[in-house]
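Excluded from the calculations below are hydrogen atoms, water molecules and symmetry mates; all remaining heavy atoms, backbone and side chain alike, are included. As the structure is a computational prediction, the values presented were derived from the model and not from experiment.
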Amino acid sequence: MAVREIITGLPWWVKWVVAPVLVLLLFGGLVAHVVGVLIGLLFKALALVALVGGLVFVVRKFKGASNSRGDW
């Protein structure tokens, strides 16, 4: 209960401006690192999907071309 009483007694600008700024100053590097890792994973996942899709397209194209010649 003591923490709740302390927070209740603070002005609004301390709760909604100063406290978040202090959290960002202290943990901003960690937050930026986590966001960077997530963006990197998303980029790698999209690159994987594009490469696999391109491979499937090329294989189907050559497979269709070879079937039309009757080589197989």
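- Note on Val58 and Val56: separate hydrophobic clusters, where clusters join Ile, Leu, Val, Met, Phe, Trp and Tyr whose side-chain heavy atoms are under 4.5 Å apart, directly or indirectly.
- Evaluated for a side chain to side chain contact (heavy atoms under 4.5 Å, CB included) with Val35, the options Leu38, Ile39, Val37 yield exactly one hit, Ile39.
- With sequence neighbours excluded, the residues that form a side chain to side chain contact (heavy atoms under 4.5 Å, CB included) with Val23 are Phe27.
- Here the CD1 atom belonging to Ile7 is positioned 11.0 Å from the CD atom belonging to Glu5, to the nearest 0.5 angstrom.
- One hydrophobic cluster, built from ILVMFWY side chains closer than 4.5 Å, holds both Leu10 and Leu22.
- Grouping the Ile, Leu, Val, Met, Phe, Trp and Tyr side chains by contacts below 4.5 angstrom, directly or via other members, places Leu51 apart from Val49.
- A distance of 12.0 Å separates CG in Leu48 from CG in Leu41, rounded to the nearest 0.5 Å.
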